[in-house]
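Data first, discussion second: the structure below is written as structure tokens.
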Amino acid sequence: MKPRVFTSVAEWRAERASERFAGRSVGFVPTMGALHAGHRALLERARAENERVVLSIFVNPTQFNDPTDLAKYPRTLDEDVALAAGLATDVIVPSPEAMYPDRYRYRVTELEFSRELEGAHRPGHFDGVLTVVLKLLNLVQPTRAYFGEKDWQQLHLVRGMVEALFLPCEIVACQTVREADGLAMSSRNRRLAPADRARAAAFPKLLRAGTPEAAAGALRGAGFEVDYIAERDGVRLGAVHIGGVRLIDNVRV
Ligand code: PAF
């Protein structure tokens, strides 16, 4: 079945308060669109565990520290709604003006972990992520919200925020979905030129090399520019650039 699509926040809020949602469990999958098999897996899990499934598609400007990255972010709304058919019951596609009536004067800041790894390379990134996730959780009021483990630091910061602010929602972590050659699915992969896409498959393999230093060396040797390779809680995380595209991934060690 085709999902209902809401571009107006006011109309969505009226729908959320309607009989259709009364007493129903609600699964929520927040995304920035350009959906792929990884998002599909989140939607499938949400579908299996809830009576209603809400998908949000919002390219959140406040989490982009690089305006070129924001401008180049793929936007494929029609394909996204088609992929969600039969999985999401409702899709919300708010405008930046509707999401930020305060012009981002109010925001959520975490002062420790958000400053490391991704946060050290993308100043302000997690303020933008946490703020928009809080806004979306308030708009959707889900029973459960689904996040991919590929964005490991994001997942942990969102969990921390939900606990710290007593938000009545369960955060469900879902395994990273990979292409046949091992590259983690990402909306950014479609920006890779074919030769760079082929080389990118080495990223998760080389990330596993002996030590973080060895992995960084092996990745540089294979033509990647390395932002960081680090370990936290038995997980090795990395961010690299190839062909002008920034990729992140993580593996258990
Ligand atoms: O992971 C993403 O796609 C985004 O960071 C999220 C959680 C939808 C917030 O904009």
Side-chain angles (χ1 to χ4, degrees), residues 6 9 12 27-43 45-46 53-66 69-77 79-81 83-84 88 90-100 104 106-110 113-114 117-119 121-140 142 144-162 165 167 169-177 184-191 237 239 245-250:
F6 296 85
V9 166
W12 161 251
F28 176 42
V29 179
T31 78
M32 298 205 296
L35 302 188
H36 49 66
H39 295 116
R40 174 181 278 281
L42 301 181
L43 287 167
R45 176 115 183 242
V53 174
V54 181
L55 165 71
S56 68
I57 298 177
F58 179 62
V59 183
N60 175 33
T62 64
Q63 71 187 74
F64 286 83
N65 51 312
D66 173 1
D69 193 24
L70 172 61
K72 281 192 189 161
Y73 204 85
R75 287 164 169 86
T76 57
L77 184 59
E79 289 99 310
D80 292 348
V81 174
L83 182 144
D90 299 77
V91 181
I92 58 174
V93 192
S95 67
E97 295 71 29
M99 285 303 282
Y100 290 99
Y104 199 35
Y106 292 86
R107 60 185 75 179
V108 180
T109 300
E110 191 277 349
F113 190 36
S114 74
L117 307 172
E118 283 300 284
H121 288 267
R122 304 183 67 189
H125 170 67
F126 286 119
D127 287 12
V129 169
L130 293 176
T131 303
V132 83
V133 169
L134 178 59
K135 284 171 183 266
L136 290 166
L137 291 176
N138 283 335
L139 286 174
V140 175
R144 303 177 188 87
Y146 295 79
F147 288 82
E149 286 181 344
K150 184 177 82 73
D151 296 295
W152 192 89
Q153 194 177 4
Q154 166 174 285
L155 167 66
H156 284 263
L157 284 164
V158 167
R159 271 223 172 104
M161 174 178 76
V162 163
L165 303 185
L167 303 180
C169 165
E170 181 190 339
I171 299 299
V172 182
C174 299
Q175 262 191 358
T176 302
V177 178
M185 298 257 179
S186 164
S187 306
R188 290 193 159 86
N189 293 354
R190 63 178 82 195
R191 278 170 44 200
L237 305 111
V245 178
R246 189 169 186 279
L247 302 174
I248 63 170
D249 202 349
N250 62 83

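Counting convention: from 1, in listed order, for ligands and their atoms alike. Nothing fancy with the numbering, it's 1 onward along the sequence.
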Legend entry - Flag side-chain contact, heavy atom, 4.5 Å: Leu134 against Leu167: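 Yes. Closest side-chain heavy atoms under 4.5 Å.
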
Inset, instruction - Under 4.0 Å from a heavy atom of Gln63: give me the atoms of ligand 1 that qualify, with their elements. - result: 4 (C), 5 (O), 9 (C), 10 (O)

Inset, instruction - Please could you name the atoms of ligand 1 that Val132 approaches to less than 4.0 Å, counting only its heavy atoms? - result: 9 (C), 10 (O)

Inset, instruction - Under 4.0 Å, heavy atoms only, figure out whether ligand 1 is touched by the backbone of Leu136, its side chain, both or neither. - result: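 Neither; nothing of Leu136 gets under 4.0 Å from ligand 1.
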
Legend entry - Asn60 N/O under 3.5 Å from ligand 1 N/O: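 Looking only at distances, the answer is no, because the N/O contact criterion of under 3.5 Å is not met.
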
Legend entry - N or O contact, Gln154 vs ligand 1, cut-off under 3.5 Å: yes

Inset, instruction - Inspect the contact between Lys72 and Asp66 and indicate whether a charged nitrogen and a carboxylate oxygen are less than 4.0 angstrom apart. - result: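 Between Lys72 and Asp66 there is no salt bridge, as every charged N stays at least 4.0 Å from the carboxylate O atoms.
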
Inset, instruction - Mind checking the CZ-NZ spacing from Arg107 to Lys135? Nearest 0.5 Å is all I need. - result: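 Between atom CZ of Arg107 and atom NZ of Lys135 there are 10.5 Å.
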
Inset, instruction - Scan side-chain atoms only and decide if Asn60 and Tyr100 contain a donor-acceptor pair under the 3.5 Å cut-off. - result: yes

Legend entry - With sequence neighbours excluded, residues passing ring-ring contact (aromatic ring centres under 6.0 Å, His included) with Tyr106: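 Counting only residues at least two positions away or on another chain, Tyr106 forms no ring-ring contact (aromatic ring centres under 6.0 Å, His included).
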
